[in-house]
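Just below is one structure, and these are the notes that go with it.
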2 protein chains.
Amino acid sequence: MTAPERPLRRADIRREREAHILKAAEKVFAEAGFGGATMQLIADMAGLPKANLHYYFATKEDLYRRVVRNIFEIWLHAADAMDAAAGPAEGIGAYIDAKMEISRRHPFGSKVWASEVMHGAPVIQDYLETTLRDWTEGRCAVIQRWIDAGLMAPVDPRHLLYMLWASTQHYADFGHQIETLNGGKPLSDRDWAAAKRSVKGLILRGIGLPAPSGKQPPDAPPGSRRRDAPAPARD
Amino acid sequence: MTAPERPLRRADIRREREAHILKAAEKVFAEAGFGGATMQLIADMAGLPKANLHYYFATKEDLYRRVVRNIFEIWLHAADAMDAAAGPAEGIGAYIDAKMEISRRHPFGSKVWASEVMHGAPVIQDYLETTLRDWTEGRCAVIQRWIDAGLMAPVDPRHLLYMLWASTQHYADFGHQIETLNGGKPLSDRDWAAAKRSVKGLILRGIGLPAPSGKQPPDAPPGSRRRDAPAPARD
DNA sequence: TCAAAACCTGACCGTATGGTCAAGAGGCAG
DNA sequence: CTGCCTCTTGACCATACGGTCAGGTTTTGA
(Lines give C-alpha, C1' and ligand atoms only; values in the text may rest on other atoms or scores of the structure.)
Protein backbone atom coordinates (compact mmCIF):
# COMPACT_ATOMS: atom_id res chain seq x y z
CA MET A 1 0.00 0.00 0.00
CA THR A 2 2.82 2.30 -0.74
CA ALA A 3 2.91 2.57 -4.47
CA PRO A 4 -0.75 3.17 -5.36
CA GLU A 5 -1.28 5.28 -2.26
CA ARG A 6 0.07 8.47 -3.80
CA PRO A 7 0.25 8.02 -7.54
CA LEU A 8 -0.20 11.74 -7.93
CA ARG A 9 3.25 13.10 -8.14
CA ARG A 10 4.01 16.61 -9.29
CA ALA A 11 3.93 15.81 -12.95
CA ASP A 12 0.68 13.91 -12.64
CA ILE A 13 -1.00 16.79 -10.90
CA ARG A 14 0.20 19.14 -13.56
CA ARG A 15 -1.09 16.89 -16.30
CA GLU A 16 -4.39 16.52 -14.52
CA ARG A 17 -4.83 20.25 -14.05
CA GLU A 18 -3.91 20.93 -17.63
CA ALA A 19 -6.44 18.41 -18.82
CA HIS A 20 -9.06 19.99 -16.62
CA ILE A 21 -8.35 23.43 -18.05
CA LEU A 22 -8.24 22.09 -21.58
CA LYS A 23 -11.65 20.54 -21.14
CA ALA A 24 -13.15 23.81 -19.92
CA ALA A 25 -11.40 25.71 -22.68
CA GLU A 26 -12.66 23.34 -25.32
CA LYS A 27 -16.22 23.97 -24.26
CA VAL A 28 -15.87 27.73 -24.12
CA PHE A 29 -14.03 27.94 -27.44
CA ALA A 30 -16.72 25.76 -28.99
CA GLU A 31 -19.56 27.86 -27.67
CA ALA A 32 -18.10 31.31 -28.19
CA GLY A 33 -15.43 30.92 -30.84
CA PHE A 34 -11.85 32.00 -30.34
CA GLY A 35 -12.67 35.67 -30.48
CA GLY A 36 -15.71 35.41 -28.29
CA ALA A 37 -14.05 33.27 -25.67
CA THR A 38 -12.40 35.06 -22.76
CA MET A 39 -9.85 33.78 -20.31
CA GLN A 40 -12.21 34.79 -17.54
CA LEU A 41 -14.98 32.59 -18.95
CA ILE A 42 -12.64 29.66 -19.23
CA ALA A 43 -11.38 30.26 -15.72
CA ASP A 44 -14.92 30.35 -14.35
CA MET A 45 -15.80 27.20 -16.27
CA ALA A 46 -12.76 25.48 -14.79
CA GLY A 47 -13.38 26.92 -11.34
CA LEU A 48 -9.99 28.60 -11.16
CA PRO A 49 -8.75 32.15 -10.88
CA LYS A 50 -7.79 33.61 -14.19
CA ALA A 51 -4.18 34.10 -13.18
CA ASN A 52 -3.89 30.38 -12.62
CA LEU A 53 -4.72 29.71 -16.24
CA HIS A 54 -1.82 31.86 -17.28
CA TYR A 55 0.43 29.82 -15.05
CA TYR A 56 -0.34 26.69 -17.05
CA PHE A 57 -0.87 28.28 -20.45
CA ALA A 58 1.07 31.41 -21.22
CA THR A 59 -1.43 32.92 -23.61
CA LYS A 60 -4.96 32.42 -24.85
CA GLU A 61 -3.55 31.36 -28.17
CA ASP A 62 -1.36 28.70 -26.54
CA LEU A 63 -4.40 27.28 -24.82
CA TYR A 64 -6.38 27.35 -28.04
CA ARG A 65 -3.59 25.70 -29.95
CA ARG A 66 -3.50 22.83 -27.47
CA VAL A 67 -7.25 22.34 -27.75
CA VAL A 68 -7.12 22.24 -31.52
CA ARG A 69 -4.23 19.81 -31.63
CA ASN A 70 -5.96 17.50 -29.18
CA ILE A 71 -9.04 17.18 -31.31
CA PHE A 72 -6.95 16.84 -34.43
CA GLU A 73 -5.26 13.80 -32.90
CA ILE A 74 -8.60 12.20 -32.11
CA TRP A 75 -9.90 13.07 -35.54
CA LEU A 76 -6.89 11.50 -37.21
CA HIS A 77 -7.02 8.39 -35.05
CA ALA A 78 -10.44 7.52 -36.41
CA ALA A 79 -8.56 6.51 -39.52
CA ASP A 80 -7.31 3.41 -37.79
CA ALA A 81 -10.76 1.94 -38.22
CA MET A 82 -10.30 2.15 -41.95
CA ASP A 83 -6.84 0.65 -42.01
CA ALA A 84 -7.56 -2.77 -40.63
CA ALA A 85 -10.37 -3.40 -43.08
CA ALA A 86 -10.22 -5.79 -45.97
CA GLY A 87 -12.74 -4.07 -48.20
CA PRO A 88 -14.79 -0.92 -48.55
CA ALA A 89 -17.85 -2.22 -46.73
CA GLU A 90 -16.05 -2.82 -43.45
CA GLY A 91 -13.49 -0.07 -43.93
CA ILE A 92 -15.83 2.77 -44.74
CA GLY A 93 -18.52 1.41 -42.46
CA ALA A 94 -16.12 1.36 -39.55
CA TYR A 95 -14.83 4.80 -40.40
CA ILE A 96 -18.35 6.19 -40.38
CA ASP A 97 -18.99 4.55 -37.04
CA ALA A 98 -15.81 6.00 -35.62
CA LYS A 99 -16.50 9.49 -36.89
CA MET A 100 -20.09 9.45 -35.74
CA GLU A 101 -18.85 8.41 -32.34
CA ILE A 102 -16.48 11.35 -32.32
CA SER A 103 -19.31 13.70 -33.18
CA ARG A 104 -21.26 12.27 -30.30
CA ARG A 105 -18.50 12.07 -27.70
CA HIS A 106 -16.56 15.18 -28.61
CA PRO A 107 -19.09 17.70 -29.85
CA PHE A 108 -17.12 20.63 -28.47
CA GLY A 109 -13.86 19.53 -29.97
CA SER A 110 -15.55 18.96 -33.29
CA LYS A 111 -16.91 22.48 -33.24
CA VAL A 112 -13.56 23.96 -32.34
CA TRP A 113 -12.02 22.08 -35.21
CA ALA A 114 -14.70 23.24 -37.62
CA SER A 115 -14.31 26.79 -36.43
CA GLU A 116 -10.56 26.65 -36.83
CA VAL A 117 -10.78 25.42 -40.40
CA MET A 118 -13.58 27.82 -41.26
CA HIS A 119 -11.49 30.76 -40.20
CA GLY A 120 -8.63 29.73 -42.41
CA ALA A 121 -6.79 27.36 -40.05
CA PRO A 122 -4.65 30.11 -38.52
CA VAL A 123 -2.94 27.78 -36.06
CA ILE A 124 -2.90 24.39 -37.77
CA GLN A 125 -2.26 25.27 -41.37
CA ASP A 126 1.05 23.40 -41.21
CA TYR A 127 -0.73 20.26 -40.01
CA LEU A 128 -3.16 20.51 -42.90
CA GLU A 129 -0.34 20.77 -45.35
CA THR A 130 1.65 17.88 -43.94
CA THR A 131 -0.13 15.34 -41.77
CA LEU A 132 -3.60 15.77 -43.22
CA ARG A 133 -2.40 15.88 -46.79
CA ASP A 134 -0.40 12.69 -46.36
CA TRP A 135 -3.26 11.02 -44.58
CA THR A 136 -5.68 11.99 -47.31
CA GLU A 137 -3.47 10.81 -50.11
CA GLY A 138 -2.99 7.49 -48.35
CA ARG A 139 -6.71 6.91 -47.97
CA CYS A 140 -7.43 7.99 -51.51
CA ALA A 141 -4.94 5.40 -52.68
CA VAL A 142 -6.65 2.72 -50.63
CA ILE A 143 -10.04 3.66 -51.98
CA GLN A 144 -8.71 3.77 -55.51
CA ARG A 145 -7.33 0.29 -55.03
CA TRP A 146 -10.75 -0.91 -53.94
CA ILE A 147 -12.25 0.65 -57.01
CA ASP A 148 -9.67 -0.90 -59.28
CA ALA A 149 -10.33 -4.25 -57.67
CA GLY A 150 -13.99 -3.89 -58.53
CA LEU A 151 -15.02 -3.82 -54.90
CA MET A 152 -16.98 -0.57 -55.18
CA ALA A 153 -18.33 1.88 -57.72
CA PRO A 154 -15.84 4.21 -59.40
CA VAL A 155 -16.30 7.40 -57.40
CA ASP A 156 -13.77 10.16 -56.88
CA PRO A 157 -12.08 9.11 -53.62
CA ARG A 158 -11.43 12.70 -52.62
CA HIS A 159 -15.05 13.74 -52.83
CA LEU A 160 -16.09 10.55 -51.12
CA LEU A 161 -13.85 11.49 -48.21
CA TYR A 162 -15.29 15.00 -48.13
CA MET A 163 -18.76 13.52 -47.96
CA LEU A 164 -17.75 11.21 -45.14
CA TRP A 165 -16.26 14.08 -43.19
CA ALA A 166 -19.19 16.36 -43.86
CA SER A 167 -21.95 13.87 -43.13
CA THR A 168 -20.51 12.68 -39.86
CA GLN A 169 -19.19 15.98 -38.59
CA HIS A 170 -22.54 17.58 -39.29
CA TYR A 171 -24.05 15.80 -36.32
CA ALA A 172 -21.67 17.65 -34.03
CA ASP A 173 -21.30 21.02 -35.72
CA PHE A 174 -24.97 21.42 -36.50
CA GLY A 175 -26.07 19.50 -33.45
CA HIS A 176 -28.04 22.45 -32.23
CA GLN A 177 -30.03 22.63 -35.45
CA ILE A 178 -30.62 18.90 -35.40
CA GLU A 179 -31.73 19.11 -31.80
CA THR A 180 -34.15 21.89 -32.64
CA LEU A 181 -35.60 19.87 -35.50
CA ASN A 182 -35.83 16.94 -33.10
CA GLY A 183 -38.35 18.82 -31.03
CA GLY A 184 -35.76 20.56 -28.89
CA LYS A 185 -34.55 17.31 -27.39
CA PRO A 186 -31.04 15.86 -27.83
CA LEU A 187 -30.76 12.75 -29.91
CA SER A 188 -31.42 9.62 -27.89
CA ASP A 189 -29.41 6.43 -28.13
CA ARG A 190 -31.99 5.18 -30.57
CA ASP A 191 -31.75 8.38 -32.62
CA TRP A 192 -28.00 8.10 -32.82
CA ALA A 193 -28.28 4.51 -33.92
CA ALA A 194 -30.73 5.54 -36.60
CA ALA A 195 -28.44 8.34 -37.70
CA LYS A 196 -25.50 5.99 -38.00
CA ARG A 197 -27.60 3.49 -39.90
CA SER A 198 -28.89 6.15 -42.28
CA VAL A 199 -25.50 7.62 -43.00
CA LYS A 200 -23.94 4.23 -43.50
CA GLY A 201 -26.80 3.01 -45.64
CA LEU A 202 -26.78 6.07 -47.87
CA ILE A 203 -23.04 6.13 -48.35
CA LEU A 204 -22.50 2.42 -48.78
CA ARG A 205 -25.28 2.29 -51.33
CA GLY A 206 -23.77 5.42 -52.81
CA ILE A 207 -20.54 3.61 -53.52
CA GLY A 208 -22.34 0.69 -55.02
CA LEU A 209 -22.58 -1.68 -52.09
CA PRO A 210 -25.90 -3.36 -51.40
CA ALA A 211 -26.59 -2.97 -47.67
CA PRO A 212 -25.00 -1.88 -44.41
CA SER A 213 -23.22 -5.17 -44.02
CA GLY A 214 -21.98 -4.88 -40.44
CA LYS A 215 -24.04 -5.18 -37.33
CA GLN A 216 -27.70 -4.69 -38.01
CA PRO A 217 -29.56 -6.31 -35.15
CA PRO A 218 -33.28 -5.71 -34.93
CA ASP A 219 -34.65 -5.20 -38.35
CA ALA A 220 -34.71 -8.19 -40.60
CA PRO A 221 -32.97 -11.51 -40.90
CA PRO A 222 -29.67 -10.75 -42.57
CA GLY A 223 -29.52 -11.63 -46.19
CA SER A 224 -33.22 -12.27 -46.40
CA ARG A 225 -34.12 -8.95 -47.91
CA ARG A 226 -32.78 -6.99 -50.78
CA ARG A 227 -33.94 -3.56 -51.59
CA ASP A 228 -31.87 -3.08 -54.67
CA ALA A 229 -34.76 -2.78 -57.02
CA PRO A 230 -36.39 0.37 -55.72
CA ALA A 231 -39.15 0.00 -58.24
CA PRO A 232 -36.71 0.72 -61.07
CA ALA A 233 -36.80 4.38 -60.21
CA ARG A 234 -39.73 5.02 -62.40
CA ASP A 235 -37.74 7.08 -64.85
CA MET B 1 -35.01 59.45 -70.65
CA THR B 2 -36.40 61.08 -67.60
CA ALA B 3 -37.33 58.20 -65.38
CA PRO B 4 -34.17 56.08 -65.50
CA GLU B 5 -31.96 59.17 -65.42
CA ARG B 6 -31.81 59.37 -61.62
CA PRO B 7 -33.08 56.15 -60.21
CA LEU B 8 -31.02 56.79 -57.10
CA ARG B 9 -33.34 58.57 -54.77
CA ARG B 10 -32.65 58.89 -51.08
CA ALA B 11 -34.06 55.51 -50.21
CA ASP B 12 -32.10 53.82 -52.99
CA ILE B 13 -28.86 55.28 -51.79
CA ARG B 14 -29.59 54.11 -48.30
CA ARG B 15 -30.33 50.61 -49.53
CA GLU B 16 -27.19 50.61 -51.60
CA ARG B 17 -25.00 51.72 -48.71
CA GLU B 18 -26.56 49.17 -46.41
CA ALA B 19 -25.93 46.42 -48.93
CA HIS B 20 -22.32 47.57 -49.26
CA ILE B 21 -21.84 47.45 -45.51
CA LEU B 22 -23.60 44.12 -45.22
CA LYS B 23 -21.27 42.64 -47.79
CA ALA B 24 -18.20 43.79 -45.93
CA ALA B 25 -19.66 42.64 -42.64
CA GLU B 26 -20.46 39.22 -44.06
CA LYS B 27 -16.87 38.73 -45.03
CA VAL B 28 -15.44 39.89 -41.73
CA PHE B 29 -17.90 37.87 -39.67
CA ALA B 30 -17.10 34.82 -41.78
CA GLU B 31 -13.37 35.22 -41.38
CA ALA B 32 -13.21 36.22 -37.74
CA GLY B 33 -16.44 35.01 -36.19
CA PHE B 34 -18.82 37.28 -34.33
CA GLY B 35 -16.55 37.66 -31.35
CA GLY B 36 -13.43 38.16 -33.40
CA ALA B 37 -14.97 40.66 -35.78
CA THR B 38 -14.64 44.31 -34.88
CA MET B 39 -16.61 47.26 -36.14
CA GLN B 40 -13.32 48.86 -37.10
CA LEU B 41 -12.41 45.90 -39.30
CA ILE B 42 -15.78 45.99 -40.99
CA ALA B 43 -15.50 49.72 -41.46
CA ASP B 44 -12.07 49.38 -43.04
CA MET B 45 -13.33 46.59 -45.28
CA ALA B 46 -16.21 48.81 -46.38
CA GLY B 47 -13.97 51.86 -46.72
CA LEU B 48 -16.01 53.90 -44.26
CA PRO B 49 -15.38 55.53 -40.91
CA LYS B 50 -16.58 53.41 -38.04
CA ALA B 51 -19.08 56.00 -36.87
CA ASN B 52 -20.83 55.75 -40.20
CA LEU B 53 -21.52 52.09 -39.64
CA HIS B 54 -23.33 52.97 -36.46
CA TYR B 55 -25.46 55.40 -38.39
CA TYR B 56 -26.80 52.58 -40.56
CA PHE B 57 -26.70 49.79 -38.01
CA ALA B 58 -27.13 50.71 -34.40
CA THR B 59 -25.10 47.90 -32.93
CA LYS B 60 -22.73 45.17 -33.98
CA GLU B 61 -25.42 42.66 -33.16
CA ASP B 62 -27.94 44.40 -35.41
CA LEU B 63 -25.49 44.22 -38.25
CA TYR B 64 -24.79 40.59 -37.56
CA ARG B 65 -28.47 39.77 -37.34
CA ARG B 66 -29.05 41.26 -40.78
CA VAL B 67 -26.20 39.27 -42.27
CA VAL B 68 -27.52 36.04 -40.82
CA ARG B 69 -31.06 36.64 -41.99
CA ASN B 70 -29.87 37.46 -45.49
CA ILE B 71 -28.09 34.18 -45.89
CA PHE B 72 -30.96 32.33 -44.31
CA GLU B 73 -33.25 33.67 -47.02
CA ILE B 74 -30.92 32.51 -49.74
CA TRP B 75 -30.49 29.18 -48.05
CA LEU B 76 -34.23 28.68 -47.82
CA HIS B 77 -34.82 29.74 -51.40
CA ALA B 78 -32.75 26.85 -52.66
CA ALA B 79 -35.75 24.75 -51.74
CA ASP B 80 -37.64 26.07 -54.72
CA ALA B 81 -35.51 23.82 -56.87
CA MET B 82 -36.97 20.85 -55.07
CA ASP B 83 -40.56 21.95 -55.29
CA ALA B 84 -41.03 22.03 -59.01
CA ALA B 85 -39.71 18.52 -59.46
CA ALA B 86 -41.80 15.51 -60.33
CA GLY B 87 -39.59 12.88 -58.76
CA PRO B 88 -36.57 12.42 -56.52
CA ALA B 89 -34.03 12.32 -59.31
CA GLU B 90 -34.79 15.83 -60.55
CA GLY B 91 -35.86 17.19 -57.19
CA ILE B 92 -32.89 16.14 -55.16
CA GLY B 93 -30.52 16.60 -58.06
CA ALA B 94 -31.67 20.17 -58.51
CA TYR B 95 -31.48 20.82 -54.80
CA ILE B 96 -27.90 19.60 -54.69
CA ASP B 97 -27.06 21.82 -57.63
CA ALA B 98 -28.66 24.80 -55.96
CA LYS B 99 -26.93 24.24 -52.64
CA MET B 100 -23.57 23.62 -54.25
CA GLU B 101 -24.02 26.86 -56.11
CA ILE B 102 -24.70 28.63 -52.84
CA SER B 103 -21.54 27.20 -51.34
CA ARG B 104 -19.66 28.48 -54.32
CA ARG B 105 -21.27 31.91 -54.67
CA HIS B 106 -21.79 32.72 -51.02
CA PRO B 107 -18.94 31.13 -49.14
CA PHE B 108 -18.87 33.89 -46.55
CA GLY B 109 -22.57 33.76 -45.89
CA SER B 110 -22.41 30.01 -45.59
CA LYS B 111 -19.70 30.29 -43.00
CA VAL B 112 -21.59 32.88 -41.03
CA TRP B 113 -24.60 30.64 -41.05
CA ALA B 114 -22.58 27.64 -39.91
CA SER B 115 -20.96 29.70 -37.19
CA GLU B 116 -24.30 30.98 -36.00
CA VAL B 117 -25.77 27.50 -35.73
CA MET B 118 -22.61 26.08 -34.18
CA HIS B 119 -22.75 28.63 -31.40
CA GLY B 120 -26.30 27.74 -30.54
CA ALA B 121 -28.16 30.01 -32.95
CA PRO B 122 -28.30 32.95 -30.52
CA VAL B 123 -29.98 35.27 -32.99
CA ILE B 124 -32.06 33.00 -35.21
CA GLN B 125 -33.32 30.39 -32.83
CA ASP B 126 -36.88 31.55 -33.50
CA TYR B 127 -36.39 31.04 -37.23
CA LEU B 128 -35.13 27.55 -36.64
CA GLU B 129 -38.16 26.73 -34.56
CA THR B 130 -40.68 28.14 -37.00
CA THR B 131 -39.62 28.63 -40.60
CA LEU B 132 -36.97 25.95 -40.74
CA ARG B 133 -39.03 23.41 -38.85
CA ASP B 134 -42.00 23.90 -41.17
CA TRP B 135 -39.78 23.79 -44.21
CA THR B 136 -38.15 20.59 -43.04
CA GLU B 137 -41.40 18.85 -42.27
CA GLY B 138 -42.74 19.80 -45.68
CA ARG B 139 -39.73 18.36 -47.49
CA CYS B 140 -39.74 15.23 -45.36
CA ALA B 141 -43.34 14.69 -46.38
CA VAL B 142 -42.46 15.09 -50.03
CA ILE B 143 -39.61 12.63 -49.73
CA GLN B 144 -41.77 10.19 -47.82
CA ARG B 145 -44.33 10.39 -50.59
CA TRP B 146 -41.63 9.54 -53.12
CA ILE B 147 -40.64 6.58 -51.01
CA ASP B 148 -44.19 5.38 -50.64
CA ALA B 149 -44.63 5.66 -54.38
CA GLY B 150 -41.62 3.42 -54.86
CA LEU B 151 -39.62 6.14 -56.56
CA MET B 152 -36.63 5.79 -54.24
CA ALA B 153 -35.19 3.59 -51.54
CA PRO B 154 -36.78 3.81 -48.09
CA VAL B 155 -34.36 6.08 -46.28
CA ASP B 156 -35.10 8.29 -43.33
CA PRO B 157 -35.98 11.62 -44.99
CA ARG B 158 -34.62 13.63 -42.09
CA HIS B 159 -31.19 12.09 -42.22
CA LEU B 160 -31.20 12.35 -45.97
CA LEU B 161 -31.77 16.08 -45.62
CA TYR B 162 -28.97 16.35 -43.08
CA MET B 163 -26.67 14.61 -45.48
CA LEU B 164 -27.66 16.94 -48.29
CA TRP B 165 -27.03 19.97 -46.12
CA ALA B 166 -23.78 18.64 -44.78
CA SER B 167 -22.33 17.47 -48.08
CA THR B 168 -23.05 20.65 -49.95
CA GLN B 169 -22.31 23.13 -47.20
CA HIS B 170 -18.99 21.40 -46.57
CA TYR B 171 -17.60 22.88 -49.76
CA ALA B 172 -18.08 26.36 -48.32
CA ASP B 173 -17.42 25.86 -44.62
CA PHE B 174 -14.38 23.66 -45.10
CA GLY B 175 -13.37 25.34 -48.31
CA HIS B 176 -10.02 26.24 -46.84
CA GLN B 177 -9.27 22.62 -46.04
CA ILE B 178 -10.40 21.52 -49.47
CA GLU B 179 -8.26 24.18 -51.06
CA THR B 180 -5.26 23.05 -49.05
CA LEU B 181 -5.82 19.46 -50.13
CA ASN B 182 -6.18 20.73 -53.67
CA GLY B 183 -2.57 21.85 -53.64
CA GLY B 184 -3.34 25.26 -52.20
CA LYS B 185 -5.33 26.33 -55.22
CA PRO B 186 -9.05 27.15 -55.20
CA LEU B 187 -11.32 24.74 -57.00
CA SER B 188 -11.52 25.46 -60.71
CA ASP B 189 -14.70 25.37 -62.76
CA ARG B 190 -13.83 21.84 -63.66
CA ASP B 191 -13.24 20.92 -60.00
CA TRP B 192 -16.60 22.34 -59.01
CA ALA B 193 -18.30 20.41 -61.78
CA ALA B 194 -16.60 17.24 -60.58
CA ALA B 195 -17.64 17.98 -57.01
CA LYS B 196 -21.24 18.45 -58.04
CA ARG B 197 -21.16 15.30 -60.07
CA SER B 198 -19.63 13.29 -57.24
CA VAL B 199 -22.08 14.51 -54.62
CA LYS B 200 -25.02 13.98 -56.90
CA GLY B 201 -23.81 10.57 -57.97
CA LEU B 202 -23.18 9.38 -54.44
CA ILE B 203 -26.45 10.61 -53.04
CA LEU B 204 -28.68 9.62 -55.91
CA ARG B 205 -27.17 6.16 -55.88
CA GLY B 206 -27.52 6.26 -52.13
CA ILE B 207 -31.27 6.66 -52.41
CA GLY B 208 -31.51 3.86 -54.91
CA LEU B 209 -31.46 5.72 -58.19
CA PRO B 210 -29.19 4.39 -60.89
CA ALA B 211 -27.41 7.43 -62.28
CA PRO B 212 -27.28 11.20 -62.03
CA SER B 213 -30.19 11.46 -64.39
CA GLY B 214 -29.76 15.07 -65.52
CA LYS B 215 -26.86 16.14 -67.64
CA GLN B 216 -24.33 13.38 -67.62
CA PRO B 217 -22.66 13.16 -70.99
CA PRO B 218 -19.86 10.63 -71.04
CA ASP B 219 -20.48 7.58 -68.94
CA ALA B 220 -22.94 4.95 -70.03
CA PRO B 221 -26.20 4.68 -71.88
CA PRO B 222 -28.90 5.48 -69.35
CA GLY B 223 -30.87 2.55 -68.10
CA SER B 224 -28.55 0.06 -69.65
CA ARG B 225 -26.67 -0.88 -66.51
CA ARG B 226 -27.52 -1.93 -63.01
CA ARG B 227 -24.85 -2.46 -60.49
CA ASP B 228 -26.54 -4.24 -57.63
CA ALA B 229 -23.86 -6.84 -57.44
CA PRO B 230 -20.86 -5.04 -56.01
CA ALA B 231 -18.42 -6.88 -58.19
CA PRO B 232 -19.29 -5.64 -61.66
CA ALA B 233 -18.30 -2.09 -60.86
CA ARG B 234 -15.24 -1.27 -62.90
CA ASP B 235 -17.46 -0.37 -65.83
C1' DT C 1 14.10 20.28 9.62
C1' DC C 2 15.00 23.32 6.03
C1' DA C 3 15.84 25.62 1.84
C1' DA C 4 14.51 25.57 -2.81
C1' DA C 5 11.28 24.80 -6.21
C1' DA C 6 6.70 24.65 -7.85
C1' DC C 7 2.29 26.41 -7.43
C1' DC C 8 -1.39 29.83 -6.51
C1' DT C 9 -3.81 34.34 -6.68
C1' DG C 10 -5.56 39.31 -5.78
C1' DA C 11 -4.46 43.44 -7.56
C1' DC C 12 -2.98 45.83 -11.22
C1' DC C 13 -1.89 47.77 -16.23
C1' DG C 14 -2.05 49.15 -21.11
C1' DT C 15 -4.83 48.57 -24.87
C1' DA C 16 -8.59 47.95 -27.97
C1' DT C 17 -13.36 47.60 -28.27
C1' DG C 18 -18.41 48.93 -28.92
C1' DG C 19 -20.76 52.78 -28.80
C1' DT C 20 -21.80 58.11 -28.35
C1' DC C 21 -21.92 62.81 -29.62
C1' DA C 22 -21.70 67.29 -31.38
C1' DA C 23 -20.41 69.76 -35.14
C1' DG C 24 -20.56 70.02 -39.71
C1' DA C 25 -21.42 68.78 -45.17
C1' DG C 26 -24.65 67.94 -48.67
C1' DG C 27 -28.84 68.13 -50.94
C1' DC C 28 -33.84 68.84 -51.47
C1' DA C 29 -38.45 71.44 -51.19
C1' DG C 30 -40.60 75.79 -51.13
C1' DC D 1 -31.84 81.75 -51.38
C1' DT D 2 -33.21 79.45 -47.12
C1' DG D 3 -34.54 76.37 -43.78
C1' DC D 4 -34.73 71.53 -42.91
C1' DC D 5 -33.59 66.92 -42.98
C1' DT D 6 -30.38 63.20 -44.08
C1' DC D 7 -25.90 61.88 -43.90
C1' DT D 8 -20.83 62.01 -42.40
C1' DT D 9 -17.08 61.98 -39.24
C1' DG D 10 -13.19 62.98 -35.83
C1' DA D 11 -12.88 62.94 -31.15
C1' DC D 12 -14.20 60.97 -27.14
C1' DC D 13 -15.78 57.58 -23.25
C1' DA D 14 -16.52 53.61 -20.25
C1' DT D 15 -15.66 49.02 -20.17
C1' DA D 16 -13.63 44.60 -20.64
C1' DC D 17 -9.97 42.21 -22.26
C1' DG D 18 -5.28 39.64 -22.27
C1' DG D 19 -1.58 39.58 -19.70
C1' DT D 20 1.79 40.72 -15.58
C1' DC D 21 3.65 40.58 -11.07
C1' DA D 22 4.80 40.47 -6.35
C1' DG D 23 4.01 38.04 -2.52
C1' DG D 24 2.13 34.14 -0.42
C1' DT D 25 1.34 28.84 0.30
C1' DT D 26 2.38 24.13 -0.48
C1' DT D 27 5.29 20.35 -1.91
C1' DT D 28 9.74 18.17 -2.64
C1' DG D 29 14.24 16.30 -1.95
C1' DA D 30 18.06 15.84 1.13
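Note that the structure is a prediction, hence the values are computed from the model and not measured. Reminder, nothing fancy here: chain letters follow the sequence lines and each chain counts from 1.
Residue pairs meeting the side chain to side chain donor-acceptor pair (under 3.5 Å) criterion with at least one partner in residues 23-49 of chain A, sequence neighbours excluded, are A:Q40-A:D44.
Contact annotation: the side chain of B:L132 approaches that of B:T136 to within less than 4.5 Å [non-hydrogen atoms, C-beta and beyond].
Paired with B:I92 under the rule side-chain contact (heavy atoms from CB on, under 4.5 Å), one option of B:D97, B:L161, B:I203 passes, and it is B:I203. The ring-ring contact (aromatic ring centres under 6.0 Å, His included) test with A:F29 is passed by exactly one of A:W113, A:Y64, A:F108: A:Y64.
For an aromatic pair to be called close, the ring centres must be under 6.0 Å apart, and B:Y56 with B:H20 fails this. Outside the 6.0 Å centre-distance limit, the rings of A:F72 and A:H77 are not counted as a close aromatic pair.
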Polar atom pairs (N or O), protein with nucleotides 15-19 of chain C, under 3.5 Å:
residue : atom : partner : partner atom : Å
C:dG18  : OP1  : B:A37   : O            : 3.2
C:dG18  : OP1  : B:K60   : NZ           : 3.2
C:dG18  : OP2  : B:M39   : N            : 2.9
C:dG18  : N7   : B:K50   : NZ           : 3.0
C:dG19  : OP2  : B:K60   : N            : 2.7
C:dG19  : N7   : B:K50   : NZ           : 2.9
C:dG19  : O6   : B:K50   : NZ           : 2.7

Provide a list of protein-nucleic acid N or O atom pairs under 3.5 angstrom, restricted to nucleotides 3-7 of chain C.
residue : atom : partner : partner atom : Å
C:dC7   : OP2  : A:R14   : NH1          : 2.7
C:dC7   : OP2  : A:Y55   : OH           : 2.5
C:dC7   : O5'  : A:Y55   : OH           : 3.2

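The backbone N or O of A:P157 sits nowhere less than 3.5 Å from a side-chain atom of A:Q144 that would complete a donor-acceptor pair.
For the pair B:I21 CD1 and D:dT9 P, the computed distance is 11 Å after rounding to whole Å. The interatomic distance linking A:L48 (CG) with C:dC8 (P) rounds to 8 Å, in whole Å.
Listed by residue number, there are no residues of residues 22-32 of chain A with a heavy-atom contact under 4.0 Å to DNA chain D.
Scored by the side chain to side chain donor-acceptor pair (under 3.5 Å) test, B:D156 finds no partners at all (sequence neighbours excluded). Residues forming a side chain to side chain donor-acceptor pair (under 3.5 Å) with A:Y95 (at least two apart in sequence, or on another chain): A:W165.
Residue A:V117 comes nearest to B:H176 through the heavy atom pair O-CB, 3.7 Å, listed as atom of the first residue, atom of the second, then distance.
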